[in-house]
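One structure is given here, and the rest of the page talks about it.
In what follows, residues are counted from 1 in the order of the sequence shown. Since we're looking at a predicted model, the values are computed, not measured. All values below come from the heavy atoms of this structure, side chains included, with hydrogens, waters and symmetry mates left out. Start at 1 and go down the list; that is how both ligands and their atoms are numbered.
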Amino acid sequence: MYNEIDLDKINLDLAPPMEEPARQYYFIAKCRRYVRELEKKLERRLCFFVQTFGCQMNARDSEKLTGILKMIGYEQADSEEADFVIYNTCTVRENANNKVWGRLGYLNTYKKHHPYMKIALCGCMMQEVEVIEKLKKSYRFVDLVFGTHNIYKFAELVASVLEQSDMIVDIWKDTDQIIEDLPIERKYSFKSGVNIMFGCDNFCSYCIVPYVRGRERSRKPEDIIYEIEKLAADGVVEIMLLGQNVNSYGKHLKDSITFAKLLLEIEKIQGIERIRFMTSHPKDLSDELIEVMSKSKKICHHLHLPLQSGSSHILKEMNRHYNKEQYLQLVEKIRKAIPDIALTTDIIVGFPGETEEDFLDTLEVVRKVGYESAFTFIYSKRTGTPAAIKEEQVPEEIVKNRFNRLLKEVQEIAAKKASAYTGKIEPVLIEEINAQDENLVTGRLSNNFVVHLPGTKHMIGKIVDVKLKECKGFYFYGEVVE
Ligand code: SAH
Ligand code: SF4
Ligand code: F3S
C-alpha cells in the first residue's frame with residue numbers, strides 16, 4: 001500500500017521514477033527535505049491552508065491536496081495566514097469566480113510581509129483560458145497554478161515551487177489518466193466521499209463542467225471497492241459515491257458494468273452502514289437502480305435528482321434529454337418502489353428565453369414532486385457554453401422575482417415534508433458538536449434531514465436511534481431513545 005510507504009527509504013540522489021504514483025512519492029520525499037531545511041532556518045514549523053470553493057468533488061480533491069501537504073511535513077493551519085495557501089476553485093457560476101478574485105487581493109497583502117509564503121491555485125476555474133491570462137498579467141504574486149487534470153502531480157509541482165521563485169503555470173487540456181493510491185487526508189473520520197468517475201459528457205447547454213473537468217471516465221470497480229474496504233477498516237461508516245452523473249458509471253470501461261451492479265458490490269463491504277451518491281441525471285436513472293435501492297439495507301433513502309427546469313421547452317434548450325412528463329413519471333416510479341424516499345433537486349431560474357409560462361411549469365413540478373429540499377440557482381452565463389450566446393437573456397428583475405417566488409414555494413413544501421416526521425424515531429449518524437451550542441450534537445437521518453440533540457463528542461461517528469421531537473422548518477430537535 002502506497003499510503004504506508006516509508007519516505008526515508010526513497011533515494012533522492014537518484015533520478016525520479018517515471019511510473020506513477022511512485023514518482024509523486026519521490027517528490028513528496030523531496031519536498032519534505034526542503035520543508036525541514038526551511039523550518040531549521042526559520043526555527044519554527046511551517047503550515048498550510050487549503051480552501052475549497054466548489055462541490056463535493058472539489059472537496060474530495062482538497063482532501064487529496066491536504067494528504068500530500070501533510071505528508072510533506074506541513075502542519076495544518078486554520079486560516080490563510082499560512083506558509084502554503086492553496087485555493088481549490090470552482091467556476092460553475094460567476095459568483096464562485098468572484099469570491100476567488102476577491103480573496104486573492106487579501107493574500108497579496110499578507111504575502112508582502114511574509115516572504116516565504118507560497119500561494120497556489122487549482123481546480124475548475126483554472127481550466128479557463130481567460131482566467132490564466134488574467135493571472136499571468138495581473139497576479140504575478142501567485143506561485144503555482146494548475147488545473148483539474150494534473151492534480152495527481154501536485155507533489156511534483158510543489159517541489160518546483162520550493163526550488164524556484166517564478167510563477168509556475170501547468171494546465172492540461174484533458175487527460176485519460178486516473179492515478180490510484182495517492183495520500184488522502186479525510187475531513188471526517190467516520191464518513192468519506194469516494195470518486196467513482198471523473199468528468200462529464202452531457203454538455204447541458206448552460207454548464208461549464210464538461211469543459212473544465214474533461215471527458216467522462218470511470219474508475220475500475222476493483223479500485224473503488226479496495227478504497228472503500230480500506231475506509232471501512234479505518235472506521236468509516238458512511239460513504240458518498242461521487243460523479244457528475246453516477247448513472248452512467250461504467251459505460252466506458254473495458255468490462256462494462258452498471259452503477260446498480262457497483263452498488264451491489266459495495267453493499268457487501270463490512271463496516272459500511274450508509275451509502276449515498278450524487279449526482280443522478282434523470283435521463284440515465286435505470287429501473288435496475290431503483291430495484292437495487294429498494295432492496296438495499298445500506299443505500300440511503302435519499303435521491304438528488306436535478307430538475308433544472310419544469311418546462312419541456314426549456315429542458316430541450318438545456319439539452320437535458322427529458323421533458324416535464326418523463327421527469328414526473330420517473331418520480332412516480334421511484335416513489336412507488338421506495339415510498340419513504342426523500343427527493344432533492346437543483347433548479348435554475350432565468351435560463352435564456354424562459355417565459356412566465358415556463359417558470360410556472362417549474363413551480364408546478366415543484367408542487368407535484370414535493371421536494372424535501374431544493375437548491376435554487378439564478379442562471380449564470382458561462383463563456384464558452386452554447387447558452388451564453390443566446391440572445392434572449394431574461395432581465396435581472398424578472399429573474400429575481402421568479403427566484404424569490406420559487407424559493408418561497410420550495411421552503412414551504414420542505415417545511416411541510418419535514419414536519420410529517422415529527423414524533424418519529426429514526427437512526428441518525430452523529431456528525432459533529434453543534435456549532436452554536438456545545439451541549440448539542442448534530443447528525444443526519446438516512447434521508448439527509450439534519451437533527452440537533454443533547455450529546456457529547458463520544459457519539460460522533462455513531463448511528464443512534466433518535467426521537468424527532470420538534471421540527472424547525474428544515475431541521476429537527478431530537479433526543480436519543482435508549
Ligand atoms: N452534474 C450535476 C450538477 C453539477 S453542477 C447534475 O447534472 O445534476 C450543480 C448545479 O449547478 C447544477 O445542477 C445546476 O443546477 C447548477 N448550474 C450549473 N451551471 C449553472 C449555470 N450556468 N448557472 C446557474 N446554475 C448552474
Ligand atoms: Fe453540467 Fe449537465 Fe454535466 Fe451536470 S450533467 S455537470 S449539469 S453538463
Ligand atoms: Fe464547481 Fe468544478 Fe464542482 S466547476 S461545481 S468545482 S466540478
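- Residues Ser280 and Leu303 have side chains in contact (heavy-atom distance under 4.5 Å, counting atoms from C-beta outward).
- Atom CG of Asn448 is separated from atom CG of Leu343 by 12.0 Å, given to the nearest 0.5 angstrom.
- For atom 2 (Fe) of ligand 2, protein N, O or S atoms under 2.8 Å: 1 in total.
- Ligand 3 does not have Met57 within reach: every non-hydrogen atom of the residue lies 4.0 Å or more from it.
- A salt bridge links Asp61 and Arg213; the closest N-O separation between the charged side-chain nitrogens and carboxylate oxygens is under 4.0 Å.
- How far NE2 of His302 is from OG of Ser446: 9.5 Å, rounded to the nearest 0.5 Å.
- For ligand 3, the atoms sitting less than 4.0 Å from at least one non-hydrogen atom of Asn58 are 6 (S), numbered in the order shown with element in parentheses.
- Using a heavy-atom distance under 4.0 Å as the criterion, the protein contacts of ligand 1 are Val92, Arg93, Tyr206, Gln244, Thr279, Pro306, Gln308, Arg320, Asp346, Ile348, Phe377, Ile378, Tyr379, Ser380, Arg382.
- Electrostatic pairing of Arg276 and Glu238 counts as a salt bridge here, judged by a charged N lying under 4.0 Å from a carboxylate O.
- For atom 7 (S) of ligand 2, the closest non-hydrogen atom on the protein side is Tyr206 OH, 3.4 Å.
- The existence of a salt bridge linking Lys70 and Glu185 is confirmed by a sub-4.0 Å separation between a basic side-chain nitrogen and an acidic carboxylate oxygen.
- Among protein heavy atoms, the minimum distance from atom 3 (Fe) of ligand 3 is reached at Cys55 SG, 2.3 Å.
- In this structure the side chain of Leu305 reaches within 4.5 angstrom of the side chain of Leu285, judged on heavy atoms.
- With respect to Lys416 and Glu412, no salt bridge is recorded, no charged nitrogen being found less than 4.0 Å from a carboxylate O.
- Taking a cutoff of 4.0 Å between a charged side-chain nitrogen and a carboxylate oxygen, Lys137 and Glu133 do not qualify as a salt bridge.
- A salt bridge links Lys111 and Asp143; the closest N-O separation between the charged side-chain nitrogens and carboxylate oxygens is under 4.0 Å.
- Look at Glu267 and Lys297 and you find no salt bridge, because none of the NZ, NE, NH1 or NH2 atoms lies under 4.0 Å from a carboxylate O.
- Protein heavy atom in closest approach to atom 1 (Fe) of ligand 3: Cys90 SG, 2.3 Å.
- Listed by number with element, the atoms of ligand 3 under 4.0 Å from a non-hydrogen atom of Cys124 are 2 (Fe), 4 (S), 6 (S), 7 (S).
- Between Tyr327 and Tyr322, the ring-plane angle classifies as tilted under the 30° and 60° cut-offs.
- One finds a salt bridge joining Arg60 and Glu227 here, because a Lys/Arg side-chain nitrogen approaches an Asp/Glu carboxylate oxygen to under 4.0 Å.
- Considering only non-hydrogen protein atoms, atom 7 (S) of ligand 3 sits nearest to Gln244 NE2, 3.3 Å.
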